[in-house]
Amino acid sequence: MSPVGTLEGMADPQEVLSRRVQSALGAAFGPEFADTDPVIRPSQFADYQANAALALAKRLGRKPREVSAAIMEHLDVSDVCRDVEVSGPGFINLTLREDWIADQARGLLDDDRLGVPLQRPLNIPLDYSAPNVAKEMHVGHLRTTVVGDSLARTLEFLGHNVIRQNHIGDWGTPFGMLIEHLLEVGEASPEADLLTTDPNAFYQAARNRFEASGEGPDDFAARARRRVVRLQSGDEETLRLWRELVGLSKVYFNKVYTKLGVTLTDDDLAGESTYNAMLGDVCEELESKGIAEISDGALCVFLEGFTGREDKPLPLIVRKSDGGYGYATTDLATVRYRVNDLKADRILYVVGAPQAMHFKMVWATARKAGWLPEDVETTHVQIGNVLGSDGKILRTRSGAPLRLMQLLDEAVERAAAVVAENRPDLDAESRAEIARKVGIGAVKYADLSVSHDTEYVFDFDRMLALTGNTGPYLQYAQARIRSIFRKGGVDPTRIDGRITVSEGAERDLALKLLGFGPVVEQVGELLQPHRLSTYLFDLAQTLTTFYEHCPVLTAQSDAERESRLALVAVALRVLVQGLDMLGVEAPEHM
Ligand code: ARG
């Protein structure tokens, strides 16, 4: 393995240039300037531009162009840049050397990590997916699942210890009604089995039963209420029935997870019920520390800066007046548990944007209680709504919530139609496999290609298109490289050629490849998978231009062919690795 492009992230030109300019700053103006940010940015006039002189001019009381000239005198980049010049009011334009770019790209070929640095490992509890028992997973859950899973994959690749926490809704008053309904229909009945295929239908049936119930002491509603009390007091038979319900729901969740290819397993389940035993303690501690107080019979936390209508203080209710605990209490317990038991350095919650206020209040309370130390960062990765073509939350035509399974099946069916048309030469089994990868990949990529906190319109035609910023377009980009290797009879994993960069399109491609490490780092820091999607889309477009100008198999000379094969071999690995971080599979053929 070559040291290039590994641990130090040296394949990143921006990083290399930053360090060089920094040391010039130190040499020109003294050591106290050696850690000034040189503000290196990609530029349309050169590969990069250093913009430090403008800010420094003020600090030094000199003209920006003079400052630039002083930097230039000490700047040693002859091995990296072929052109360095001062432009405009004092920018320094930096143009990289072709042989430097080629060497760095060659370094990627030998680097398992493709230029992605290995970071100091942090413990990162990652709360995502979190559907509710005996309810349909809706497209909102689809998005928290897909975005969360991509973050898990990316942070793991960066070297972190990601602890997946699937905070399923498996507790609360509806369980009285659900358990009574389960008893009525029979645990082994087809109605009970609905929980594993169409949980919403089961939920609706229980709900209807509840609403149509009389108010007599032996009627359904009264039984359901008594059942809640028995559940909360730990009655063994009631708990058994509750476990049965949760178990059947898990079957459904796992079907969806398997179909989606997400990395969640039963070991990652840490639902609301997990925290039951801690809730009394949470409340007591808040009360004894004087953070919570009784208001209208409920135990509440009032925090500075949180007000509702007419500037009335907004309470975070931690124990209701009937003694019951709610969503907020459980989430306070998650913070305490994740810090104390999971030894969290950084805690992430991938949850719908409407819950932003809830998390702010929970964390502020936890900080006040001393459960969340200053140096542990909590982040709400806010998930925006998925809309239908009418601009409203996605539903079926009849207005019912959409069944996630159905949606995924439809994506695969539509993909199958496209594959059947484009690849009649493949056998049925291969076509089905491609259709599955393309259909599911398209749905996931649509979630990941837009910023996670914005709304987007769910549109099968657009997400399955072979052009534009779509999953299938990127899958095709990598399949096309594979077909070049197949045609040339070359194994892409056994490429060992020298890379030379002479054509502009070769240079663009090589430089683009060097951008992979930095973008993955950025995703880990900013928690925005769409930055990776944008990068991969750019890369795929760069490849298209590359093919137009630079034939690979029919290159002019053996050396040129070797070099181009090496470049596309790196591109293939970057595309496959990048798609994998998004949780999108990369089919061999398309
Ligand atoms: N089950 C909740 C819902 O469907 C999401 C839970 C998110 N996680 C958390 N720790 N609150 O909205």
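In listed order, ligands and their atoms are each counted from 1. Note that the numbering runs from 1 along the sequence shown for the chain. Just the heavy atoms: all of them, side chains too, but no hydrogens, waters or symmetry mates, feed the values below.
- In this structure, Val147 and Tyr128 have side chains that are not in contact, with every pair of non-hydrogen atoms separated by 4.5 Å or more.
- Within ligand 1, counting atoms from 1 as listed, the ones closer than 4.0 Å to a heavy atom of His141 are 3 (C), 4 (O).
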Go through it in stages, so that I can follow the logic: the residues are Thr329 and Arg319, the test is side chain to side chain donor-acceptor pair (under 3.5 Å), and I'd like the CA-CA distance, side-chain angles, deciding distance and then a yes or no.
CA-CA 7 Å; Thr329 330; Arg319 195 180 59 221; over 6 Å; no
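- The ligand atoms of ligand 1 that sit less than 4.0 angstrom from a heavy atom of Tyr327 are 2 (C), 5 (C), 6 (C), 7 (C), 9 (C), 11 (N).
- Scanning the protein for heavy atoms near atom 8 (N) of ligand 1, the closest one is Asp127 OD1, 3.1 Å.
- For residues 181-191, the pairs satisfying salt bridge (charged side-chain N to carboxylate O under 4.0 Å, His left out) are Glu184-Arg209, Glu184-Arg223, Glu187-Arg240, with sequence neighbours left out.
- In this structure, Arg225 forms no cation-pi arrangement with Phe210, as its terminal cationic atom is not both closer than 6.0 Å to the ring centre and no more than 45° off the ring axis.
- Remark: ligand 1 and Asn132 share an N or O pair separated by less than 3.5 Å (distance only, no angle test).
- Here is the list of ligand 1 atoms found below 4.0 Å of a heavy atom in Tyr349: 10 (N).
- Heavy-atom contacts of Val351 reach the following atoms of ligand 1: 7 (C), 8 (N) (cutoff under 4.0 Å).
- Near Gln355, with a cut-off below 4.0 Å to any heavy atom, the atoms of ligand 1 are 12 (O).
- No donor-acceptor pair under 3.5 Å is formed between the side chain of Ser273 and the backbone N or O of Asp170.
- Note: no N/O pair closer than 3.5 Å links Glu272 and ligand 1 by distance alone.
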Determine whether Thr265 and Tyr257 satisfy the following criterion, side-chain contact (heavy atoms from CB on, under 4.5 Å), listing intermediate values before the conclusion.
CA-CA 8 Å; Thr265 69; Tyr257 294 153; over 6 Å; no
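- Between Arg338 and ligand 1, not a single N/O pair is under 3.5 Å apart.
- Atom OG of Ser449 and atom CG of Leu536 lie 11.0 Å apart (nearest 0.5 Å).
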